[in-house]
Novice: 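Structure in C-alpha cells, see below.
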Amino acid sequence: GENVEQHPSTLSVQEGDSAVIKCTYSDSASNYFPWYKQELGKRPQLIIDIRSNVGEKKDQRIAVTLNKTAKHFSLHITETQPEDSAVYFCAASNIGSYIPTFGRGTSLIVHP
Amino acid sequence: GAVVSQHPSWVICKSGTSVKIECRSLDFQATTMFWYRQFPKQSLMLMATSNEGSKATYEQGVEKDKFLINHASLTLSTLTVTSAHPEDSSFYICSAKRTDEQYFGPGTRLTVT
C-alpha cells in the first residue's frame, strides 16, 4: 500500500518568514495530493491540493509543488502569520480508488 | 458548500456501554465516507471506508464487530462503538467524499470511564 512520509514534525518560524513542509510517497499510482490544516481541537480543513498532471499550484500565500519522478510534494507558505499556526497534514491517493493515506503531520508555530 | 456535520461533538460513557456517532453530509450526497481515529498530537488513522448500501471496508487491525459502521443513506453514516472500554477513548472524525475531495466533520471526543 501507499506510504507517506512527512517532514519536519515541528517547524518554528518568525512571522513574515516562509515555511516549507515536505512529503514523499511510495505508490506511483497516486495522483491526488491534498494538504489539510488542523487547528487544535478542530477538523482538518482542505487548504490546497494538486493533481499529478501539474507540477505547481498557487493560492495567494500558499503553494504546492509536485515532483512525480522523485515522488515528493511540498507545501510552501510565504509571509507567515500567527494564524497560520496549526498542524498541517499531507495526503496521497489515487482518484479512482480514493483511499487516502496521510502523513504524520507537521506542527507549524509562527512566532509574532 | 461541502459541509459535514458530526453528532455528538463529545460524549462520556461508562465502560461496557455502546455509543453511536453520526456523520452527515449536509449539502451534498456522499456515496463514500471515511471514519478516522486521532490520538493527541498524532495523525489521522483510517479505521474504515463506508460505502452507501454496502458493507464497510475495515483497515487492518480494526475490529469490525467492535466498531459497527452503517451507511444507510447518501447523507448519513454511523459508527457505533460497542462495549466501549477506556482504551477506546479518542477523537473520532468522519469525512465525506465529494468528487475528488474529502471534507471532514468536526469530530467527536469520546471518553470512556
Side-chain angles (χ1 to χ4, degrees), chain A residues 1-11 21 23-25 29-54 57 59 64 66 85-109, chain B residues 1-10 21-26 28 30-52 56-62 69 90-111:
Chain A
E2 177 64 276
N3 182 46
V4 176
E5 298 284 341
Q6 183 171 348
H7 298 282
S9 57
T10 305
L11 180 59
I21 303 170
C23 288
T24 60
Y25 62 100
S30 290
N31 54 16
Y32 177 62
F33 308 93
W35 286 89
Y36 295 90
K37 174 183 180 182
Q38 186 179 27
E39 298 178 10
L40 189 63
K42 296 188 177 180
R43 77 184 82 194
Q45 297 267 23
L46 177 69
I47 56 172
I48 195 167
D49 58 12
I50 190 167
R51 289 165 175 77
S52 60
N53 58 343
V54 297
K57 185 177 179 180
D59 182 4
V64 58
L66 171 65
S85 297
V87 178
Y88 291 80
F89 292 99
C90 64
S93 68
N94 180 284
I95 290 177
S97 60
Y98 202 90
I99 304 295
T101 300
F102 284 83
R104 296 178 67 83
T106 295
S107 177
L108 173 65
I109 303 167
Chain B
V3 178
V4 178
S5 71
Q6 205 171 322
H7 179 81
S9 56
W10 60 270
I21 303 170
E22 294 185 349
C23 179
R24 293 181 186 272
S25 55
L26 299 184
F28 67 101
T31 55
T32 302
M33 292 184 174
F34 301 96
W35 286 96
Y36 294 87
R37 188 172 177 176
Q38 188 175 35
F39 293 101
K41 298 186 179 181
Q42 293 193 23
S43 189
L44 298 154
M45 184 191 82
L46 180 64
M47 299 174 66
T49 303
S50 172
N51 296 297
E52 187 269 336
T57 302
Y58 290 82
E59 295 299 299
Q60 193 172 12
V62 178
I69 291 172
S90 191
F91 192 53
Y92 292 87
I93 308 179
C94 71
S95 70
K97 180 188 169 194
R98 188 184 74 169
T99 58
D100 301 337
E101 297 166 356
Q102 188 179 16
Y103 296 91
F104 286 88
T108 297
R109 175 77 56 194
L110 170 63
T111 302

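So you know, we letter chains A, B, ... as the sequences are listed, proteins then strands, and number each from 1. Basis for what follows: all heavy atoms, side chains included, without hydrogens, waters or symmetry-related copies.
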Novice: Any heavy-atom pair between the side chains of E101(B) and Y32(A) that's under 4.5 Å?
Specialist: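 Yes, at least one pair of side-chain atoms sits under 4.5 Å.
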
Novice: Does the side chain of S95(B) come within less than 4.5 Å of Y36(A)'s, by heavy atoms?
Specialist: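 Answer no - side chains too far apart.
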
Novice: If you look at every heavy atom in F89(A) and Q38(B), which pair is closest and at what distance?
Specialist: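 Heavy atoms of F89(A) and Q38(B) come nearest at CZ-NE2, 3.6 Å.
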
Novice: At their closest point, which heavy atom of G41(A) faces which heavy atom of F91(B), and how far apart are they?
Specialist: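 That would be O-CZ, 4.3 Å.
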
Novice: How close do F34(B) and I99(A) get, heavy atom to heavy atom, and via which atoms?
Specialist: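 The answer is CE2-CD1, 4.2 Å.
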
Novice: Give, as side chain, backbone, both or neither, the part of K41(B) having an atom under 4.5 angstrom from any heavy atom of chain A.
Specialist: neither

Novice: Tell me the closest heavy-atom pair linking S43(B) and G103(A), and the distance in Å.
Specialist: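 Heavy atoms only, the tightest pair is OG-O, 2.5 Å.
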
Novice: Is Q6(A) close to chain B through its backbone or its side chain, or both, or neither, when contacts mean heavy atoms under 4.5 Å?
Specialist: neither

Novice: Which region of P44(A), side chain (C-beta onward) or backbone (N, CA, C, O), has a non-hydrogen atom less than 4.5 Å from a non-hydrogen atom of chain B, or is it both or neither?
Specialist: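 Its backbone and side chain both get close to chain B.
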
Novice: In terms of heavy-atom proximity below 4.5 Å to chain A, should Q6(B) be classed as side chain, backbone, both, or neither?
Specialist: neither

Novice: For R43(A) and F104(B), indicate whether the former's side chain and the latter's backbone hold a donor-acceptor pair under 3.5 Å.
Specialist: yes

Novice: For Q102(B) and F102(A), which heavy atoms make the closest approach, and how far apart are they?
Specialist: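 The pair with the smallest heavy-atom distance is OE1-CZ, 3.9 Å.
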
